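Heads up, the thing below is written out as structure tokens.
Here the structure is a predicted model, which means the values were calculated and not measured. Scope of the values below: all heavy atoms of this structure, side chains included, with no hydrogens, waters or symmetry mates.
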Amino acid sequence: MSSLIGVPTDRWSLPRAVDALGESARQAGRPGLVWFVGLLYPSVTFLIGGLWLYFVDGIHSGEEQHSGVRALLELMCFILVGALFFLPLLRLAVGLARSGSARAWVDACAGRRTPRLRTLWKNGAGMTLAALGLWTQLCVMFIGALVVILWPAQTAAHHLVGPGSHWLRIGLGALVLGPLTLFFFCYALAIVVLSQLALHSLAQNRRGVGSALLHGWRIMRHDVWATARAVLVDFVLSISVLTLWSFVSEMFDIQVLSVTVLVLLMGFAGVTSAGYWARAYRALGGLSPDDGVPGLRAD
């Protein structure tokens, strides 16, 4: 437990991670068009939650067309194809990542409440195709794991742990498929966290795609417990957003209001997450041109 919480001398202890999330939430708290860009920013926990829901649906659904793996493959392909048609939005997402830290946010605001879209557009200049390359590689890594790991597990689980199965079959299915499924979700979580660190490496240093992924991987390996703390606090953000949305939906049973609140909360969460991971990237050892290291490009 002490390893997970950390000690005050750690550069990224759990209290420091919580403080960084609070700072990022206050930074993102002023409504503006930047929340629209926040909708485009990738989330760690929402994607992992989606993976779990699709997997469970694939186990309990009796129809082949509702296969969780097939749905995930369709989702990944949709994201990849959609990115080709919305390249400008990728540039804005990179610009938001580049503007996430406290100093960069103040510069991007330039005395206003929130950064303008044209400022985020400028900050993402030259990174559109690199961002597309990053999403493409990550989607390929996901799809490869789906085909090699999750598809056989989901198919076997459908037959072993279907509706009305005997408890012995359920126990056997859990014994055989549990470790395999756990491995896949750990792999998926590592890929999503890698995407956060690689995105900030790409945005801050204008690296190539391969260099950004390798840099993100090295940061993750350097301090595994600090990375785990970063993910744990990201979970807090997602759970808070979902809890607040559920409360509003229960209080006001109005479909339009519920959807509007969800969109606003997701936009706010995206901007908060960008600021949080910008701080985590620096604390975990990532560099930016602000550090004055030779070879890092400032523009």
Side-chain angles (χ1 to χ4, degrees), residues 12 16-44 83 86-132 134-135 195-209 212 215-216 219 230 233-234 237 241 263-293 295-299:
W12 194 246
R16 290 188 180 184
V18 173
D19 289 342
L21 181 64
E23 292 174 3
S24 303
R26 288 191 294 270
Q27 177 176 284
R30 296 180 177 180
L33 291 177
V34 69
W35 283 11
F36 166 75
V37 184
L39 290 171
L40 314 173
Y41 193 82
S43 168
V44 172
F86 297 101
L87 286 176
L89 303 184
L90 290 178
R91 177 169 171 173
L92 287 173
V94 175
L96 178 60
R98 188 174 175 84
S99 306
S101 65
R103 177 177 174 180
W105 185 265
V106 172
D107 293 340
C109 288
R112 301 179 180 86
R113 294 192 311 164
T114 60
R116 290 184 173 182
L117 292 184
R118 67 182 183 185
T119 302
L120 300 181
W121 179 264
K122 180 181 178 181
N123 288 344
M127 291 287 97
T128 306
L129 294 180
L132 177 62
L134 179 62
W135 304 145
S195 72
Q196 291 283 353
L197 298 174
L199 174 61
H200 283 275
S201 179
L202 189 78
Q204 296 294 336
N205 305 320
R206 300 187 179 275
R207 296 172 177 267
V209 176
H215 186 217
I219 293 175
V233 174
D234 189 277
L237 172 63
V241 168
V263 170
L264 292 176
L265 287 175
M266 291 292 289
F268 163 77
V271 178
T272 302
S273 184
Y276 171 72
W277 281 102
R279 289 165 171 79
Y281 167 77
R282 297 292 298 278
L284 294 175
L287 299 176
S288 77
D290 294 339
D291 297 300
V293 177
L296 296 184
R297 298 171 52 185
D299 49 34

Quick one: closest heavy-atom pair of [X] and [Y], and the distance?
| X | Y | answer |
| --- | --- | --- |
| Val271 | Ala28 | CG1-CB, 3.4 Å |
| Arg98 | Gln204 | NH1-O, 3.2 Å |
| Ala20 | Trp12 | CB-CH2, 3.5 Å |
| Ala131 | Leu90 | CB-CB, 4.3 Å |
| Asn123 | Ala108 | ND2-CB, 4.4 Å |
| Met266 | Leu39 | CB-CD2, 3.6 Å |

What is the distance from atom [atom1] of [X] to atom [atom2] of [Y], rounded to the nearest 0.5 Å?
| X | Y | atom1 | atom2 | value |
| --- | --- | --- | --- | --- |
| Leu264 | Phe36 | CG | CZ | 13.0 Å |
| Asp234 | Gln196 | CG | CD | 6.5 Å |
| Lys122 | Leu117 | NZ | CG | 15.0 Å |

Practice item. Run the numbers on Leu134 and Ser195 for side-chain contact (heavy atoms from CB on, under 4.5 Å), then give the verdict. Key: CA-CA 8 Å; Leu134 179 62; Ser195 72; 5.8 Å; no

Check your understanding: Hey, are the side chains of Arg282 and Trp277 touching, using non-hydrogen atoms and a 4.5 Å cut-off?
Key ->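 No, every pair of side-chain atoms sits at 4.5 Å or beyond.
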
Point to revise | side chain to side chain donor-acceptor pair (under 3.5 Å) pairs, two or more places apart, involving residues 19-36 | key: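 Found Glu23-Arg279, Ser24-Arg279, Gln27-Arg279.
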
**Study point:** Pairs involving residues 104-118, ordered by first then second residue, that meet side chain to side chain donor-acceptor pair (under 3.5 Å) (sequence neighbours left out)
**Key:** none

Exercise for review: Would you please name every residue forming a side chain to side chain contact (heavy atoms under 4.5 Å, CB included) with Ala97, sequence neighbours left out?
Suggested key: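 If we apply the side chain to side chain contact (heavy atoms under 4.5 Å, CB included) test to Ala97, skipping adjacent residues, the hits are Tyr41, Leu199, His200, Ala203.
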
Verify, without hydrogens or angle tests, whether [X] (side chain) and [Y] (backbone) share a donor-acceptor contact under 3.5 angstrom.
| X | Y | result |
| --- | --- | --- |
| Thr272 | Phe268 | yes |
| Tyr276 | Ala230 | yes |
| Arg91 | Thr128 | no |
| Ser99 | Gly95 | yes |

Point to revise | side-chain contact (heavy atoms from CB on, under 4.5 Å) between Leu197 and His215, intermediate numbers included | key: CA-CA 8 Å; Leu197 298 174; His215 186 217; over 6 Å; no

Exercise for review: Before giving the answer on side-chain contact (heavy atoms from CB on, under 4.5 Å), spell out for Leu96 and Val34 the whole-Å C-alpha distance, their side-chain angles and the decisive distance to 0.1 Å.
Suggested key: CA-CA 8 Å; Leu96 178 60; Val34 69; 4.0 Å; yes

Practice item. Go through the steps to decide whether Leu89 and Leu92 satisfy the test side-chain contact (heavy atoms from CB on, under 4.5 Å), and finish with yes or no. Key: CA-CA 5 Å; Leu89 303 184; Leu92 287 173; 4.3 Å; yes

